[in-house]
Amino acid sequence: MPPFGLLHRRAWASLFGQLLRPSGLVCIGEVHFHSQVSQTDMAAFGFQGTRDLSPQQMVVREKILDMVIDCFKRHGAKRLDTPAFELKEMLTEKYGEDSGLIYDLKDQGGELLSLRYDLTVPFARYLAMNKVKRMKRYQVGKVWRRESPTIVQGRYREFCQCDFDIAGQFDPMIPDAECLKIMCEVLSGLQLGDFLIKVNDRRILDGILAVCAVPQSKFHAICSSIDKLDKIPWKDVRHEMVAKKGLAPEVADRIGDYVQRHGGVSLVEEMFQDSRLSQNKQALEGLGDLRLLFEYLTLFGIAEKISFDLSLARGLDYYTGVIYEAVLLQTPAQAEECLNVGSVAAGGRYDGLVGVFDPKGHTVPCVGLSIGVERIFAILEERMKTAGLKIRTTETQVFVATPQKNFLHERLKLISELWDAGIKAELLYKNNPKLLTQLHYCEHMGIPLVVIIGEQELKEGVIKLRSVASREEVAIKRENLVAEIQKKLSES
C-alpha cells in the first residue's frame with residue numbers, strides 16, 4: 001500500500017492523469033520512474049551537484065513548470081529572459097555571506113564574469129538598464145551556487161528557479177498580498193500536502209536588533225544566524241552569535257525572547273504594544289504594513305495559511321521589507337523516513353536593488369517570489385516511486401503499422417497525412433517490421449491508437465483503426481480517417 005491515503009492518491013492520480021498509462025494496457029517492459037544518477041556516480045565524472053534528467057523525469061518536470069507558469073500568466077505576468085552570466089561586479093555584495101557561493105568564470109580578455117546566482121539581481125539590472133518603471137514579469141531559468149549539494153533534499157549546485165515579480169510604485173501591500181496568493185495557488189495546485197507560509201519584515205527584524213542593542217555593524221551577521229533557526233535549535237544559534245560573532249550573551253538572550261515567537265495577526269497587534277519595539281520607527285513601519293497585509297490576505301481567503309514568524313530572516317542582503325517562505329507541514333509520502341526539503345517557495349520586497357544599478361540611483365520598488373522547482377520535484381519523484389506510477393515519455397497518439405512486407409512507402413504517405421493534420425504519430429524505422437513487434441511497441445509506449453494498412457485495405461480504400469486497450473478494430477474509409485481519429489482522441 002502507498003503510505004498516503006486513498007483519497008490523496010486518487011486526487012494525485014487525477015492531477016497527473018496525463019502522465020499515466022491507459023489502464024487497459026498490458027505493458028511489455030514497464031517504464032519505471034527511476035532516480036537520477038547518484039551523486040557518487042556523477043562525482044566519478046569530475047563534477048558534483050548536477051544531474052541528467054531522464055525522459056520520465058522530464059515529463060513530470062514539464063508538468064510542474066506548466067502548472068506554475070499557468071498560474072503566473074493567470075495573474076498577468078509577461079515572460080522575460082536574461083543571460084546565464086553577468087559582470088562579476090553586478091553580483092558581488094548582493095547576497096551577504098552567500099556571495100562566496102557565486103561561480104566565477106575564467107578571465108577572458110579582461111572581462112570578469114560570473115554565473116548568475118539567482119534571477120532577482122539580473123531582473124533588477126534589466127529594469128535599471130532599460131529604464132523600466134513598471135513591470136509584472138515571470139522568468140524560468142537555471143542558476144548556479146557553489147554550495148554543498150544535498151541531492152536527496154533537492155539541493156544542487158545547478159538548479160532551476162521559477163520567479164514572479166511585480167516592479168513599480170503602488171499602494172502598500174497590494175502586490176505583496178498577490179505574491180502570497182500566487183504562492184498558495186501553486187502549492188495547492190501541486191497537492192504537495194499541507195503547507196504554511198512564514199512572513200516577517202526586515203524592518204521589524206532590524207528594529208528588534210536595534211532595541212536589543214546589537215551593534216549596527218553586526219546586523220547582517222546576526223540576521224544570518226537567526227535565519228538558521230528553521231534548521232538548528234535556538235541554543236545552537238545563540239552559541240554561534242556569542243562564540244563566533246562576538247555578541248554579548250545578554251544581548252543574544254534579548255533577541256531570543258523575540259525570534260522564538262510566531263502567530264497570526266494577533267501577534268502583530270501584540271508587537272505594537274511591546275514597550276521596546278514600539279519605540280522603534282522602522283519596526284512600527286513594518287508592523288503597520290503587516291497589519292494591512294493580513295487584512296488583504298483575509299480578503300483573499302488565505303490568512304489561515306500565513307504565520308507571522310519573527311525568526312524568519314532571509315539571508316539575502318537586498319530585502320528591505322516583507323519577506324516570506326513556504327514550508328511543508330508533513331512529509332510528502334508519510335513514510336518511515338522524512339524527506340526534509342526545507343522551504344519550497346520564498347520571496348520578499350526589495351525596494352532598493354534597482355537603484356544600485358541605475359547610474360543616477362533611481363529606485364523602482366519591487367516584490368516577488370521564487371518557486372523551488374528542484375525541491376518540489378524531489379518530493380514528487382519520491383511520491384511517484386513509492387506509488388509505483390508509470391510514466392508515458394511521449395505524447396504519440398497514433399502508430400502507423402502494417403502486417404505485410406514492402407509497405408514502407410504506403411506507411412510513409414499515411415503518416416505524413418497524419419502529421420499534416422496535427423496528429424502525433426510514429427512508425428518503426430524498418431522496411432518490413434513484424435506486426436506483433438509493432439503492436440508490442442504501442443503497448444510498451446502507451447500509444448492509444450494504431451492504424452493498419454495492408455494489401456486488402458489498400459485494395460478496398462480503407463484503413464483499419466485499432467484501439468490498443470480494447471484490441472477492437474474498425475475499417476474506416478481512407479478519406480474519413482483523420483476525422484475519425486480526431487473524434488476518437490476527443491472522446492478519450
Side-chain angles (χ1 to χ4, degrees), residues 14-31 33 53-63 65-67 69-70 73 389-492:
S14 174
L15 177 65
F16 277 82
Q18 298 173 64
L19 305 180
L20 308 182
R21 298 181 180 281
S23 58
L25 294 184
V26 178
C27 298
I28 309 299
E30 297 291 357
V31 180
F33 189 91
L53 292 171
S54 71
Q56 291 86 359
Q57 290 170 313
M58 282 304 301
V59 171
V60 181
R61 189 185 189 87
E62 286 174 1
K63 294 297 180 184
L65 292 176
D66 286 347
M67 291 185 67
I69 291 171
D70 283 348
K73 289 181 176 179
L389 299 179
K390 310 302 185 298
I391 307 299
R392 276 200 67 188
T393 56
T394 72
E395 297 181 5
T396 305
Q397 299 164 316
V398 180
F399 187 86
V400 178
T402 182
Q404 292 168 324
K405 294 182 178 181
N406 302 319
F407 260 74
L408 176 60
H409 289 184
E410 293 301 327
R411 286 191 291 141
L412 292 177
K413 285 192 290 185
L414 183 53
I415 199 169
S416 183
E417 288 180 30
L418 299 182
W419 287 336
D420 290 344
I423 295 170
K424 299 167 184 173
E426 283 187 65
L427 51 69
L428 284 189
Y429 301 133
K430 287 189 175 184
N431 278 301
N432 301 305
K434 294 180 180 179
L435 182 60
L436 188 60
T437 301
Q438 297 170 84
L439 296 179
H440 280 180
Y441 179 81
C442 295
E443 293 178 343
H444 178 74
M445 297 303 294
I447 301 172
L449 297 175
V450 183
V451 292
I452 302 173
I453 184 169
E455 289 182 0
Q456 188 66 28
E457 289 78 20
L458 192 60
K459 181 180 178 181
E460 296 176 1
V462 299
I463 301 290
K464 282 184 181 175
L465 182 59
R466 177 186 174 102
S467 167
V468 176
S470 67
R471 304 189 179 184
E472 294 177 354
E473 293 182 0
V474 292
I476 307 294
K477 287 185 178 181
R478 177 71 177 256
E479 60 268 24
N480 297 334
L481 180 63
V482 167
E484 188 63 28
I485 288 174
Q486 291 172 337
K487 179 183 176 184
K488 290 275 188 185
L489 292 173
S490 67
E491 293 172 351
S492 61

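Values below: all heavy atoms of this structure, side chains included; hydrogens, waters and symmetry mates excluded.
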Carefully, step by step, assess Gln404 and Asn432 under the rule side-chain contact (heavy atoms from CB on, under 4.5 Å). CA-CA 7 Å; Gln404 292 168 324; Asn432 301 305; over 6 Å; no
Nearest heavy-atom neighbours spanning Gly454 and Pro403: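 Between these two residues, the closest heavy atoms are CA-CD, 4.2 Å.
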Find the distance between [atom1] ([X]) and [atom2] ([Y]) and round it off to the nearest 0.5 Å.
X      : Y      : atom1 : atom2 : value
Ile452 : Leu414 : CD1   : CG    : 11.0 Å
Leu458 : Phe407 : CG    : CZ    : 5.0 Å
Leu449 : Thr396 : CG    : OG1   : 11.5 Å
Lys424 : Glu395 : NZ    : CD    : 4.0 Å
Lys413 : Glu410 : NZ    : CD    : 4.0 Å
Ile423 : Gln397 : CD1   : CD    : 7.0 Å

Determine whether a donor-acceptor pair (N or O, by modelled atom type, separation under 3.5 Å) exists between the side chain of Asn431 and the backbone of Lys405.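 No; judged by distance alone, with no hydrogens or angles, the pair does not exist.
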Donor-acceptor pair, distance only, cut-off 3.5 Å: does the side chain of Glu443 make one with the backbone of His440?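 Checked: no pair found.
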Member of Val398, Asp420, Leu427 meeting the side-chain contact (heavy atoms from CB on, under 4.5 Å) criterion with Ile415: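 Of Val398, Asp420, Leu427, side-chain contact (heavy atoms from CB on, under 4.5 Å) with Ile415 is met by Leu427 alone.
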For the pair Met445 and Phe399, evaluate side-chain contact (heavy atoms from CB on, under 4.5 Å) and give the outcome as yes or no after the intermediate values. CA-CA 10 Å; Met445 297 303 294; Phe399 187 86; over 6 Å; no
side-chain contact (heavy atoms from CB on, under 4.5 Å) between Lys488 and Leu465, worked out: CA-CA 10 Å; Lys488 290 275 188 185; Leu465 182 59; 4.0 Å; yes
All side chain to side chain contact (heavy atoms under 4.5 Å, CB included) counterparts of Pro433, not counting sequence neighbours: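 For Pro433 the side chain to side chain contact (heavy atoms under 4.5 Å, CB included) partners, ignoring immediate neighbours, are Arg411, Leu428, Lys430, Gln438.
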Excluding sequence neighbours, so at least two apart, what forms side chain to side chain contact (heavy atoms under 4.5 Å, CB included) with Ser467?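 Ser467: side chain to side chain contact (heavy atoms under 4.5 Å, CB included) contacts with Ala469, Ser470.
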Taking the side chain as every heavy atom from C-beta outward, state whether [X] and [Y] have any pair of such atoms under 4.5 Å apart.
X      : Y      : value
Val400 : Glu426 : no
Lys464 : Val451 : no
Cys442 : Val468 : yes

Would you call Glu472-Arg466 a salt bridge at under 4.0 Å N-O?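 A salt bridge is absent here (no side-chain N lies under 4.0 Å from a carboxylate O).
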Ignoring hydrogens and geometry beyond distance, is a side-chain donor-acceptor pair present between Ser54 and Gln56 at under 3.5 Å?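 There is such a pair (donor and acceptor under 3.5 Å, judged by atom type) between the side chains of Ser54 and Gln56.
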Output a table of donor-acceptor pairs, distance under 3.5 Å, between side-chain atoms of residues 474-487 and any protein atom two or more places apart or on a different chain; print 'none' if there are none.
{"from": "Arg478", "atom 1": "NH2", "to": "Glu417", "atom 2": "OE2", "distance (Å)": "2.8"}

